[in-house]
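Bear in mind the structure is a predicted one, so any value in this text is a computation, not a measurement. Chain identifiers are assigned alphabetically (A, B, ...) following the order of the sequence lines, protein sequences preceding nucleic acid strands; residue numbering begins at 1 within each chain.
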Amino acid sequence: MVGLSEGEKHFIRGGIAQDIRTDGRRRLQFRALSVETGVIPQANGSARVRLGATEIIASVKAELGKPSILHPDKGKVSIFVDCSPTAEPTFEGRGSEELSAELSVALQRCLLGGKSGAGAAIDLSSLIVVEGKVCWDLYIDGLVVSSDGNLLDALATAIKVALSDTGLPKVNVSLSAASDEEPEVDVSDEEFLQFDTSSVPVIITLTKVGRHYIVDATSEEESQMSSAVSVSVNRNGQICGLTKRGGAGLDPSVIFDMISVARHASQQFIALVDSQIAAAEADE
Amino acid sequence: MSAQAGTGTYSPAAASGDKRRERREELRRHLAEDADWPRADGRSFHDCRPAFMQTGPTTAASGSAYAEFGKTKVIVSVFGPRESKKAMMYSDVGRLNCNVSYTTFATPVRGQGADNKEYSSMLHKALEGAVMLHTFPKTTVDVFALVLESGGSDLPIIISCASLALADAGIMMYDLVTSVSVSCFGKNIIIDPTSDEEAWQDGSLMVAFMPARKEITQLTLTGEWSDGKITNAVELCMDACSKLGEILRDRLKDTATLTNE
(Lines give C-alpha, C1' and ligand atoms only; values in the text may rest on other atoms or scores of the structure.)
Protein backbone atom coordinates (compact mmCIF):
# COMPACT_ATOMS: atom_id res chain seq x y z
CA MET A 1 0.00 0.00 0.00
CA VAL A 2 1.25 3.44 -0.75
CA GLY A 3 0.92 5.97 2.04
CA LEU A 4 1.24 9.48 0.74
CA SER A 5 0.71 12.82 2.39
CA GLU A 6 -1.40 15.51 0.77
CA GLY A 7 1.75 17.38 -0.15
CA GLU A 8 3.29 14.40 -1.89
CA LYS A 9 0.09 13.71 -3.80
CA HIS A 10 -0.01 17.30 -4.94
CA PHE A 11 3.65 17.12 -5.96
CA ILE A 12 3.07 14.00 -8.07
CA ARG A 13 0.00 15.43 -9.77
CA GLY A 14 1.63 18.79 -10.34
CA GLY A 15 4.74 17.17 -11.80
CA ILE A 16 2.71 15.13 -14.25
CA ALA A 17 0.78 18.22 -15.35
CA GLN A 18 4.08 19.99 -16.04
CA ASP A 19 5.66 17.03 -17.84
CA ILE A 20 8.38 16.47 -15.21
CA ARG A 21 7.62 13.50 -13.02
CA THR A 22 9.02 12.94 -9.53
CA ASP A 23 11.90 10.85 -10.88
CA GLY A 24 12.71 13.36 -13.59
CA ARG A 25 11.05 11.49 -16.43
CA ARG A 26 8.77 12.97 -19.07
CA ARG A 27 5.22 11.72 -19.32
CA LEU A 28 5.90 9.27 -22.13
CA GLN A 29 9.30 8.07 -20.96
CA PHE A 30 9.97 4.59 -19.62
CA ARG A 31 12.20 3.70 -16.71
CA ALA A 32 15.48 1.92 -17.36
CA LEU A 33 14.89 -1.57 -18.71
CA SER A 34 17.28 -4.39 -18.05
CA VAL A 35 16.89 -7.87 -19.40
CA GLU A 36 18.53 -11.16 -18.63
CA THR A 37 17.77 -14.47 -20.32
CA GLY A 38 18.23 -18.08 -19.30
CA VAL A 39 17.95 -17.45 -15.56
CA ILE A 40 16.11 -20.70 -14.84
CA PRO A 41 17.94 -23.70 -16.27
CA GLN A 42 15.02 -26.03 -15.46
CA ALA A 43 12.72 -24.19 -17.84
CA ASN A 44 12.72 -24.25 -21.63
CA GLY A 45 13.02 -20.52 -21.65
CA SER A 46 13.23 -17.88 -18.98
CA ALA A 47 13.90 -14.24 -18.43
CA ARG A 48 14.31 -11.71 -15.73
CA VAL A 49 13.19 -8.21 -16.52
CA ARG A 50 13.71 -5.13 -14.45
CA LEU A 51 11.82 -1.97 -15.17
CA GLY A 52 12.94 0.56 -12.61
CA ALA A 53 12.26 -1.11 -9.28
CA THR A 54 9.72 -3.57 -10.71
CA GLU A 55 11.22 -6.97 -11.20
CA ILE A 56 9.66 -9.94 -12.97
CA ILE A 57 10.83 -13.47 -13.65
CA ALA A 58 9.08 -15.29 -16.44
CA SER A 59 9.53 -18.93 -17.32
CA VAL A 60 8.26 -21.01 -20.19
CA LYS A 61 7.93 -24.73 -19.71
CA ALA A 62 6.92 -27.06 -22.49
CA GLU A 63 5.38 -30.45 -21.91
CA LEU A 64 4.08 -32.96 -24.38
CA GLY A 65 0.34 -33.31 -24.14
CA LYS A 66 -2.73 -34.21 -26.07
CA PRO A 67 -4.55 -31.58 -28.13
CA SER A 68 -8.16 -30.93 -27.23
CA ILE A 69 -10.82 -32.70 -29.26
CA LEU A 70 -12.29 -29.41 -30.45
CA HIS A 71 -8.98 -28.17 -31.84
CA PRO A 72 -6.95 -31.21 -32.93
CA ASP A 73 -4.57 -29.02 -34.94
CA LYS A 74 -3.57 -26.71 -32.13
CA GLY A 75 -1.32 -26.84 -29.11
CA LYS A 76 -2.16 -25.27 -25.80
CA VAL A 77 -0.78 -22.27 -24.00
CA SER A 78 -1.60 -21.31 -20.45
CA ILE A 79 -0.49 -18.22 -18.62
CA PHE A 80 -0.28 -17.86 -14.86
CA VAL A 81 0.89 -14.98 -12.75
CA ASP A 82 2.05 -15.23 -9.19
CA CYS A 83 2.71 -12.27 -6.93
CA SER A 84 5.26 -13.19 -4.33
CA PRO A 85 4.94 -11.81 -0.79
CA THR A 86 8.60 -10.81 -1.12
CA ALA A 87 7.38 -7.98 -3.32
CA GLU A 88 4.78 -6.66 -0.94
CA PRO A 89 3.56 -7.95 2.43
CA THR A 90 -0.06 -7.61 1.31
CA PHE A 91 0.55 -10.35 -1.27
CA GLU A 92 0.83 -12.91 1.49
CA GLY A 93 -1.59 -15.80 1.51
CA ARG A 94 -4.71 -15.01 -0.45
CA GLY A 95 -3.94 -11.29 -0.56
CA SER A 96 -2.54 -11.46 -4.05
CA GLU A 97 -5.24 -13.70 -5.47
CA GLU A 98 -7.30 -10.93 -6.98
CA LEU A 99 -4.34 -9.09 -8.47
CA SER A 100 -2.82 -12.30 -9.85
CA ALA A 101 -6.11 -13.29 -11.45
CA GLU A 102 -6.53 -9.83 -12.95
CA LEU A 103 -3.03 -9.85 -14.41
CA SER A 104 -3.36 -13.39 -15.76
CA VAL A 105 -6.65 -12.58 -17.45
CA ALA A 106 -5.24 -9.41 -18.97
CA LEU A 107 -2.21 -11.29 -20.30
CA GLN A 108 -4.32 -14.10 -21.69
CA ARG A 109 -6.51 -11.57 -23.42
CA CYS A 110 -3.51 -9.84 -24.94
CA LEU A 111 -1.41 -12.86 -25.87
CA LEU A 112 -3.82 -15.62 -26.80
CA GLY A 113 -5.88 -13.70 -29.34
CA GLY A 114 -9.43 -14.52 -30.40
CA LYS A 115 -11.10 -17.90 -30.10
CA SER A 116 -10.20 -18.77 -33.67
CA GLY A 117 -6.56 -17.95 -32.94
CA ALA A 118 -6.48 -14.73 -34.93
CA GLY A 119 -4.11 -12.17 -33.52
CA ALA A 120 -2.50 -14.67 -31.17
CA ALA A 121 1.06 -14.02 -30.08
CA ILE A 122 1.97 -17.66 -30.41
CA ASP A 123 0.96 -19.61 -33.45
CA LEU A 124 -0.82 -22.52 -31.80
CA SER A 125 -0.56 -24.72 -34.88
CA SER A 126 3.24 -24.53 -34.63
CA LEU A 127 2.97 -26.39 -31.33
CA ILE A 128 1.50 -29.48 -32.92
CA VAL A 129 3.69 -32.56 -33.16
CA VAL A 130 1.25 -35.17 -34.44
CA GLU A 131 -2.14 -33.83 -35.38
CA GLY A 132 -4.83 -34.91 -32.96
CA LYS A 133 -2.36 -36.96 -30.94
CA VAL A 134 0.60 -35.08 -29.59
CA CYS A 135 1.20 -31.39 -29.07
CA TRP A 136 3.22 -29.10 -26.91
CA ASP A 137 1.58 -27.59 -23.87
CA LEU A 138 3.28 -24.33 -23.04
CA TYR A 139 3.09 -23.18 -19.47
CA ILE A 140 4.04 -19.54 -19.13
CA ASP A 141 4.55 -18.38 -15.57
CA GLY A 142 5.22 -14.86 -14.46
CA LEU A 143 6.51 -14.16 -10.99
CA VAL A 144 6.41 -10.69 -9.52
CA VAL A 145 9.56 -10.49 -7.43
CA SER A 146 9.48 -6.82 -6.70
CA SER A 147 6.61 -4.49 -7.36
CA ASP A 148 6.83 -0.81 -8.11
CA GLY A 149 4.01 -0.21 -10.52
CA ASN A 150 3.36 -1.06 -14.14
CA LEU A 151 3.30 -4.80 -13.46
CA LEU A 152 1.37 -5.67 -16.59
CA ASP A 153 3.81 -4.07 -19.03
CA ALA A 154 6.76 -5.62 -17.23
CA LEU A 155 5.11 -9.05 -17.23
CA ALA A 156 4.36 -8.86 -20.93
CA THR A 157 7.95 -7.82 -21.64
CA ALA A 158 9.32 -10.65 -19.49
CA ILE A 159 7.11 -13.16 -21.30
CA LYS A 160 8.21 -11.79 -24.67
CA VAL A 161 11.86 -12.15 -23.70
CA ALA A 162 11.33 -15.60 -22.17
CA LEU A 163 9.61 -16.79 -25.34
CA SER A 164 12.48 -15.57 -27.48
CA ASP A 165 14.78 -17.56 -25.21
CA THR A 166 12.63 -20.67 -25.53
CA GLY A 167 13.85 -23.67 -27.45
CA LEU A 168 11.50 -26.55 -28.02
CA PRO A 169 13.29 -29.91 -28.16
CA LYS A 170 13.06 -31.64 -31.48
CA VAL A 171 10.66 -34.55 -31.36
CA ASN A 172 11.11 -37.63 -33.46
CA VAL A 173 7.93 -39.58 -33.96
CA SER A 174 7.94 -43.18 -34.99
CA LEU A 175 5.02 -43.63 -37.28
CA SER A 176 5.34 -47.38 -37.52
CA ALA A 177 2.51 -47.93 -35.05
CA ALA A 178 -1.04 -48.32 -36.27
CA SER A 179 -2.91 -45.06 -36.63
CA ASP A 180 -5.21 -45.55 -33.68
CA GLU A 181 -2.37 -46.30 -31.29
CA GLU A 182 -0.45 -43.69 -29.38
CA PRO A 183 2.57 -42.72 -31.45
CA GLU A 184 5.95 -43.22 -29.87
CA VAL A 185 7.84 -40.04 -29.37
CA ASP A 186 11.49 -39.49 -28.80
CA VAL A 187 12.40 -36.13 -27.36
CA SER A 188 15.84 -34.98 -28.39
CA ASP A 189 17.92 -33.28 -25.74
CA GLU A 190 20.43 -31.86 -28.17
CA GLU A 191 18.47 -30.31 -30.97
CA PHE A 192 16.21 -27.40 -30.20
CA LEU A 193 13.86 -25.49 -32.40
CA GLN A 194 13.70 -21.77 -31.96
CA PHE A 195 10.42 -20.12 -31.55
CA ASP A 196 8.97 -17.47 -33.80
CA THR A 197 8.36 -14.56 -31.46
CA SER A 198 8.02 -11.81 -34.02
CA SER A 199 4.29 -11.49 -33.41
CA VAL A 200 4.46 -11.39 -29.62
CA PRO A 201 3.05 -8.00 -28.64
CA VAL A 202 4.12 -5.62 -25.94
CA ILE A 203 1.67 -4.03 -23.56
CA ILE A 204 1.68 -0.30 -23.00
CA THR A 205 -0.33 0.92 -20.04
CA LEU A 206 -1.36 4.54 -20.08
CA THR A 207 -2.23 5.75 -16.62
CA LYS A 208 -4.46 8.76 -16.45
CA VAL A 209 -3.61 11.19 -13.67
CA GLY A 210 -5.58 14.39 -13.76
CA ARG A 211 -6.01 15.40 -17.39
CA HIS A 212 -2.82 13.79 -18.62
CA TYR A 213 -1.66 10.25 -19.12
CA ILE A 214 1.72 8.73 -18.46
CA VAL A 215 3.48 5.51 -19.40
CA ASP A 216 5.27 3.20 -16.98
CA ALA A 217 3.77 4.58 -13.78
CA THR A 218 5.42 3.81 -10.45
CA SER A 219 3.17 2.54 -7.68
CA GLU A 220 3.11 6.01 -6.15
CA GLU A 221 1.86 7.44 -9.40
CA GLU A 222 -0.60 4.57 -9.77
CA SER A 223 -2.16 5.47 -6.44
CA GLN A 224 -3.12 8.81 -7.96
CA MET A 225 -4.67 7.44 -11.13
CA SER A 226 -8.29 7.86 -12.11
CA SER A 227 -8.13 5.10 -14.68
CA ALA A 228 -5.64 3.20 -16.78
CA VAL A 229 -5.87 1.65 -20.22
CA SER A 230 -3.56 -1.20 -21.16
CA VAL A 231 -3.14 -1.61 -24.88
CA SER A 232 -1.26 -4.48 -26.40
CA VAL A 233 0.35 -3.71 -29.72
CA ASN A 234 2.32 -5.98 -32.02
CA ARG A 235 5.11 -5.18 -34.41
CA ASN A 236 2.73 -4.22 -37.21
CA GLY A 237 1.01 -1.62 -35.07
CA GLN A 238 -2.14 -3.74 -34.82
CA ILE A 239 -3.97 -3.64 -31.51
CA CYS A 240 -4.33 -7.16 -30.13
CA GLY A 241 -5.75 -6.59 -26.70
CA LEU A 242 -7.09 -3.88 -24.50
CA THR A 243 -8.15 -3.66 -20.89
CA LYS A 244 -9.28 -0.78 -18.81
CA ARG A 245 -8.67 -0.47 -15.10
CA GLY A 246 -9.82 2.03 -12.55
CA GLY A 247 -13.37 3.08 -11.94
CA ALA A 248 -13.75 6.44 -13.57
CA GLY A 249 -15.50 6.55 -16.90
CA LEU A 250 -13.63 7.85 -19.92
CA ASP A 251 -14.84 9.86 -22.82
CA PRO A 252 -14.66 7.79 -26.04
CA SER A 253 -12.44 10.36 -27.73
CA VAL A 254 -9.95 10.12 -24.85
CA ILE A 255 -9.82 6.35 -25.28
CA PHE A 256 -9.18 6.63 -29.01
CA ASP A 257 -6.48 9.17 -28.29
CA MET A 258 -4.91 6.89 -25.70
CA ILE A 259 -4.90 4.00 -28.17
CA SER A 260 -3.03 6.02 -30.76
CA VAL A 261 -0.54 7.32 -28.18
CA ALA A 262 0.03 3.77 -26.96
CA ARG A 263 0.56 2.60 -30.50
CA HIS A 264 3.14 5.27 -31.07
CA ALA A 265 4.96 4.54 -27.80
CA SER A 266 4.88 0.80 -28.45
CA GLN A 267 7.03 0.97 -31.56
CA GLN A 268 9.86 2.61 -29.62
CA PHE A 269 9.42 0.15 -26.80
CA ILE A 270 9.50 -2.86 -29.12
CA ALA A 271 12.76 -1.59 -30.63
CA LEU A 272 14.17 -1.13 -27.13
CA VAL A 273 13.14 -4.63 -26.04
CA ASP A 274 14.54 -6.14 -29.24
CA SER A 275 17.91 -4.52 -28.74
CA GLN A 276 17.96 -5.65 -25.11
CA ILE A 277 17.15 -9.22 -26.15
CA ALA A 278 19.94 -9.16 -28.70
CA ALA A 279 22.35 -7.82 -26.09
CA ALA A 280 21.27 -10.43 -23.55
CA GLU A 281 21.74 -13.23 -26.05
CA ALA A 282 25.17 -11.94 -26.98
CA ASP A 283 26.15 -12.01 -23.29
CA GLU A 284 25.44 -15.69 -22.88
CA MET B 1 -46.05 -6.94 -14.17
CA SER B 2 -47.79 -5.65 -17.24
CA ALA B 3 -47.47 -7.74 -20.34
CA GLN B 4 -46.05 -4.90 -22.36
CA ALA B 5 -43.13 -4.63 -19.94
CA GLY B 6 -41.55 -6.87 -22.46
CA THR B 7 -39.16 -6.88 -25.26
CA GLY B 8 -37.45 -3.98 -26.89
CA THR B 9 -34.92 -3.78 -29.60
CA TYR B 10 -31.79 -1.74 -29.28
CA SER B 11 -30.02 -2.40 -32.53
CA PRO B 12 -27.78 0.46 -33.51
CA ALA B 13 -29.42 2.24 -36.38
CA ALA B 14 -28.74 5.21 -38.55
CA ALA B 15 -30.88 7.46 -36.38
CA SER B 16 -28.03 9.35 -34.80
CA GLY B 17 -26.47 12.10 -36.81
CA ASP B 18 -25.76 12.37 -40.46
CA LYS B 19 -22.03 11.98 -40.24
CA ARG B 20 -22.34 8.79 -38.28
CA ARG B 21 -25.00 7.57 -40.63
CA GLU B 22 -22.67 8.10 -43.52
CA ARG B 23 -19.92 6.24 -41.80
CA ARG B 24 -22.23 3.43 -40.88
CA GLU B 25 -23.57 3.23 -44.41
CA GLU B 26 -20.02 2.95 -45.59
CA LEU B 27 -19.41 0.16 -43.11
CA ARG B 28 -22.59 -1.55 -44.26
CA ARG B 29 -21.38 -1.45 -47.82
CA HIS B 30 -18.07 -2.94 -46.77
CA LEU B 31 -19.88 -5.68 -44.99
CA ALA B 32 -22.18 -6.31 -47.88
CA GLU B 33 -19.23 -6.90 -50.15
CA ASP B 34 -18.00 -10.02 -48.50
CA ALA B 35 -21.00 -10.93 -46.43
CA ASP B 36 -22.51 -14.00 -47.92
CA TRP B 37 -23.79 -15.77 -44.85
CA PRO B 38 -26.81 -15.03 -42.72
CA ARG B 39 -26.56 -15.46 -38.98
CA ALA B 40 -27.97 -18.64 -37.54
CA ASP B 41 -30.91 -16.90 -35.90
CA GLY B 42 -31.76 -14.87 -38.98
CA ARG B 43 -30.44 -11.57 -37.72
CA SER B 44 -28.36 -9.29 -39.85
CA PHE B 45 -24.89 -8.34 -38.64
CA HIS B 46 -26.02 -5.24 -36.81
CA ASP B 47 -29.23 -6.60 -35.29
CA CYS B 48 -29.33 -7.22 -31.58
CA ARG B 49 -31.46 -9.91 -30.07
CA PRO B 50 -34.72 -8.61 -28.59
CA ALA B 51 -34.14 -7.52 -25.03
CA PHE B 52 -36.59 -8.60 -22.38
CA MET B 53 -35.97 -7.01 -19.02
CA GLN B 54 -37.96 -6.87 -15.85
CA THR B 55 -37.39 -5.51 -12.38
CA GLY B 56 -38.27 -7.17 -9.10
CA PRO B 57 -38.18 -10.94 -9.70
CA THR B 58 -36.81 -11.64 -6.21
CA THR B 59 -38.64 -10.17 -3.26
CA ALA B 60 -36.03 -10.63 -0.54
CA ALA B 61 -33.53 -8.39 -2.28
CA SER B 62 -33.39 -4.60 -2.06
CA GLY B 63 -33.54 -4.59 -5.81
CA SER B 64 -33.43 -7.16 -8.56
CA ALA B 65 -33.69 -7.54 -12.28
CA TYR B 66 -34.17 -10.28 -14.81
CA ALA B 67 -32.89 -10.12 -18.35
CA GLU B 68 -33.49 -12.40 -21.27
CA PHE B 69 -31.69 -11.75 -24.52
CA GLY B 70 -32.37 -14.64 -26.86
CA LYS B 71 -31.16 -17.72 -25.06
CA THR B 72 -29.16 -15.86 -22.45
CA LYS B 73 -31.05 -15.55 -19.19
CA VAL B 74 -29.64 -13.67 -16.25
CA ILE B 75 -31.01 -12.75 -12.86
CA VAL B 76 -29.34 -10.16 -10.62
CA SER B 77 -30.13 -9.36 -7.00
CA VAL B 78 -28.81 -6.40 -5.10
CA PHE B 79 -28.62 -6.43 -1.30
CA GLY B 80 -27.76 -3.54 0.89
CA PRO B 81 -26.30 -1.15 1.63
CA ARG B 82 -25.61 -3.18 4.73
CA GLU B 83 -22.85 -3.24 7.30
CA SER B 84 -19.50 -4.36 5.94
CA LYS B 85 -18.03 -7.55 7.31
CA LYS B 86 -16.25 -7.10 10.62
CA ALA B 87 -12.91 -8.10 9.15
CA MET B 88 -13.06 -5.23 6.66
CA MET B 89 -11.12 -2.14 7.45
CA TYR B 90 -12.87 1.16 7.98
CA SER B 91 -13.64 2.88 4.73
CA ASP B 92 -15.26 6.26 4.24
CA VAL B 93 -16.63 5.21 0.88
CA GLY B 94 -18.97 2.30 0.37
CA ARG B 95 -17.96 -1.05 -1.05
CA LEU B 96 -19.40 -2.72 -4.06
CA ASN B 97 -19.17 -6.49 -3.89
CA CYS B 98 -19.91 -8.25 -7.15
CA ASN B 99 -20.32 -11.94 -7.72
CA VAL B 100 -21.19 -13.74 -10.91
CA SER B 101 -22.10 -17.40 -10.85
CA TYR B 102 -23.43 -19.83 -13.37
CA THR B 103 -26.00 -22.47 -12.64
CA THR B 104 -24.72 -25.98 -13.25
CA PHE B 105 -27.16 -26.29 -16.15
CA ALA B 106 -26.30 -22.96 -17.75
CA THR B 107 -23.83 -24.39 -20.22
CA PRO B 108 -24.05 -27.33 -22.65
CA VAL B 109 -21.52 -29.25 -20.55
CA ARG B 110 -22.69 -29.38 -16.96
CA GLY B 111 -20.96 -27.10 -14.46
CA GLN B 112 -18.58 -25.55 -16.96
CA GLY B 113 -18.89 -21.91 -15.91
CA ALA B 114 -15.61 -21.83 -14.08
CA ASP B 115 -14.54 -18.39 -15.21
CA ASN B 116 -16.97 -16.49 -13.04
CA LYS B 117 -14.20 -14.96 -10.92
CA GLU B 118 -13.05 -13.14 -14.01
CA TYR B 119 -16.59 -11.98 -14.73
CA SER B 120 -17.05 -10.90 -11.11
CA SER B 121 -14.09 -8.57 -11.29
CA MET B 122 -15.14 -7.33 -14.73
CA LEU B 123 -18.62 -6.60 -13.44
CA HIS B 124 -17.15 -4.72 -10.52
CA LYS B 125 -14.94 -2.65 -12.78
CA ALA B 126 -17.80 -1.82 -15.11
CA LEU B 127 -20.08 -0.66 -12.29
CA GLU B 128 -17.80 1.01 -9.76
CA GLY B 129 -17.42 4.12 -11.89
CA ALA B 130 -21.17 4.64 -12.00
CA VAL B 131 -22.17 3.99 -8.40
CA MET B 132 -21.90 6.91 -5.96
CA LEU B 133 -19.90 4.98 -3.40
CA HIS B 134 -19.53 8.00 -1.12
CA THR B 135 -23.27 7.97 -0.42
CA PHE B 136 -23.03 4.83 1.71
CA PRO B 137 -19.83 4.95 3.79
CA LYS B 138 -18.83 2.00 5.97
CA THR B 139 -21.32 -0.26 4.23
CA THR B 140 -21.36 -2.76 1.42
CA VAL B 141 -23.69 -3.26 -1.50
CA ASP B 142 -23.77 -6.82 -2.74
CA VAL B 143 -24.50 -7.52 -6.37
CA PHE B 144 -25.16 -11.18 -7.06
CA ALA B 145 -25.62 -12.23 -10.64
CA LEU B 146 -26.77 -15.68 -11.61
CA VAL B 147 -26.63 -16.85 -15.20
CA LEU B 148 -29.55 -19.24 -15.64
CA GLU B 149 -28.69 -20.00 -19.21
CA SER B 150 -25.63 -19.01 -21.14
CA GLY B 151 -26.36 -18.12 -24.73
CA GLY B 152 -23.58 -15.72 -25.66
CA SER B 153 -22.74 -12.13 -24.73
CA ASP B 154 -23.15 -13.17 -21.10
CA LEU B 155 -21.02 -10.49 -19.50
CA PRO B 156 -22.56 -7.48 -21.26
CA ILE B 157 -26.02 -8.72 -20.33
CA ILE B 158 -24.96 -9.27 -16.72
CA ILE B 159 -23.62 -5.72 -16.58
CA SER B 160 -26.78 -4.14 -18.04
CA CYS B 161 -29.01 -6.27 -15.83
CA ALA B 162 -26.94 -5.46 -12.72
CA SER B 163 -27.23 -1.73 -13.32
CA LEU B 164 -31.00 -2.10 -13.66
CA ALA B 165 -31.07 -4.03 -10.39
CA LEU B 166 -28.97 -1.35 -8.68
CA ALA B 167 -31.36 1.31 -9.89
CA ASP B 168 -34.29 -0.80 -8.71
CA ALA B 169 -32.66 -1.01 -5.28
CA GLY B 170 -32.45 2.77 -5.16
CA ILE B 171 -28.67 2.85 -5.00
CA MET B 172 -27.47 6.28 -6.07
CA MET B 173 -25.75 6.17 -9.44
CA TYR B 174 -24.39 8.79 -11.77
CA ASP B 175 -25.96 6.95 -14.68
CA LEU B 176 -27.15 3.55 -15.75
CA VAL B 177 -24.49 1.33 -17.24
CA THR B 178 -25.32 -0.62 -20.36
CA SER B 179 -23.03 -2.93 -22.17
CA VAL B 180 -22.85 -4.49 -25.61
CA SER B 181 -20.24 -6.67 -27.23
CA VAL B 182 -19.31 -7.33 -30.82
CA SER B 183 -17.45 -10.18 -32.45
CA CYS B 184 -15.25 -9.82 -35.43
CA PHE B 185 -14.99 -12.34 -38.23
CA GLY B 186 -12.36 -11.35 -40.73
CA LYS B 187 -13.54 -7.97 -41.94
CA ASN B 188 -17.04 -8.27 -40.54
CA ILE B 189 -18.24 -7.01 -37.21
CA ILE B 190 -21.33 -8.62 -35.78
CA ILE B 191 -23.14 -7.30 -32.76
CA ASP B 192 -24.51 -9.20 -29.76
CA PRO B 193 -22.97 -12.57 -30.67
CA THR B 194 -24.48 -15.88 -29.58
CA SER B 195 -22.29 -18.50 -27.91
CA ASP B 196 -21.79 -20.35 -31.18
CA GLU B 197 -20.58 -17.18 -32.82
CA GLU B 198 -18.36 -16.43 -29.82
CA ALA B 199 -16.75 -19.85 -30.12
CA TRP B 200 -15.46 -19.13 -33.62
CA GLN B 201 -14.81 -15.41 -33.46
CA ASP B 202 -11.53 -13.87 -34.56
CA GLY B 203 -11.78 -11.19 -31.95
CA SER B 204 -14.20 -9.56 -29.61
CA LEU B 205 -14.78 -6.14 -28.15
CA MET B 206 -16.98 -5.22 -25.24
CA VAL B 207 -18.02 -1.75 -24.21
CA ALA B 208 -19.72 -0.76 -20.96
CA PHE B 209 -21.15 2.68 -21.37
CA MET B 210 -23.00 5.33 -19.40
CA PRO B 211 -25.46 6.61 -22.02
CA ALA B 212 -26.38 9.95 -20.45
CA ARG B 213 -22.84 10.93 -19.49
CA LYS B 214 -21.41 9.46 -22.69
CA GLU B 215 -18.56 7.83 -20.83
CA ILE B 216 -17.03 4.42 -21.24
CA THR B 217 -16.62 2.61 -17.92
CA GLN B 218 -15.10 -0.55 -19.27
CA LEU B 219 -13.61 -1.62 -22.58
CA THR B 220 -11.99 -4.93 -23.38
CA LEU B 221 -10.70 -6.26 -26.62
CA THR B 222 -9.15 -9.48 -27.89
CA GLY B 223 -7.88 -10.52 -31.29
CA GLU B 224 -6.14 -8.35 -33.82
CA TRP B 225 -7.69 -4.98 -34.62
CA SER B 226 -6.72 -2.00 -36.69
CA ASP B 227 -7.35 1.51 -35.46
CA GLY B 228 -10.26 2.23 -37.78
CA LYS B 229 -11.99 -1.00 -36.95
CA ILE B 230 -11.82 -0.28 -33.24
CA THR B 231 -13.37 3.13 -33.78
CA ASN B 232 -16.17 1.63 -35.84
CA ALA B 233 -16.85 -1.15 -33.39
CA VAL B 234 -16.83 1.11 -30.36
CA GLU B 235 -19.23 3.55 -32.01
CA LEU B 236 -21.52 0.71 -32.98
CA CYS B 237 -21.51 -0.53 -29.39
CA MET B 238 -22.09 2.93 -27.96
CA ASP B 239 -25.07 3.44 -30.24
CA ALA B 240 -26.58 0.14 -29.16
CA CYS B 241 -25.77 0.93 -25.52
CA SER B 242 -27.68 4.23 -25.72
CA LYS B 243 -30.71 2.43 -27.08
CA LEU B 244 -30.47 -0.26 -24.44
CA GLY B 245 -30.28 2.54 -21.89
CA GLU B 246 -33.68 3.77 -23.12
CA ILE B 247 -35.13 0.31 -22.61
CA LEU B 248 -33.74 0.17 -19.07
CA ARG B 249 -35.19 3.57 -18.33
CA ASP B 250 -38.61 2.50 -19.62
CA ARG B 251 -38.55 -0.57 -17.39
CA LEU B 252 -37.80 1.59 -14.37
CA LYS B 253 -40.64 3.94 -15.27
CA ASP B 254 -43.00 0.96 -15.63
CA THR B 255 -42.32 -0.12 -12.08
CA ALA B 256 -42.67 3.41 -10.81
CA THR B 257 -46.16 3.77 -12.30
CA LEU B 258 -47.14 0.35 -11.01
CA THR B 259 -46.22 1.17 -7.44
CA ASN B 260 -48.04 4.49 -7.66
CA GLU B 261 -51.26 2.92 -8.79
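- Heavy atoms of M206(B) lying under 4.5 Å from chain A are absent altogether.
- Rounding to the nearest 0.5 Å gives a distance of 13.5 Å between CH2 of W136(A) and NZ of K76(A).
- Taking every heavy atom of both residues into account, A212(B) and D175(B) meet most closely at N-OD2, 2.7 Å.
- There is no side-chain donor-acceptor pair under 3.5 Å between S120(B) and N99(B).
- Annotation for M132(B): atom CE counts as buried by contact number, over 12 foreign heavy atoms lying within 6.0 Å.
- Relative ring orientation between Y139(A) and F80(A) is described as parallel, the plane-to-plane angle staying below 30° on a 0-90° scale split at 30° and 60°.
- Proximity to chain B (any heavy atom under 4.5 Å) is shown, for E98(A), by neither the backbone nor the side chain.
- Of all residues in residues 254-268 of chain A, those placing a non-hydrogen atom less than 4.5 angstrom from a non-hydrogen atom of chain B are I255(A), F256(A), I259(A), S260(A), R263(A).
- Heavy-atom distances place both the backbone and the side chain of T220(B) under 4.5 Å from chain A.
- In this pair, F269(A) and F30(A) present their aromatic rings parallel. The plane angle is below 30°, not in the 30 to 60° band.
- Heavy-atom distances place no part of S204(B) under 4.5 Å from chain A, backbone and side chain included.
- Contact check for R245(A) versus T205(A): side-chain heavy atoms found under the 4.5 Å cut-off.
- Contact count against chain A (heavy-atom pairs under 4.5 Å) is highest for L219(B) among L219(B), V177(B), L205(B), V207(B).
- In this structure, I216(B) and V234(B) have side chains that are in contact, with non-hydrogen atoms separated by less than 4.5 Å.
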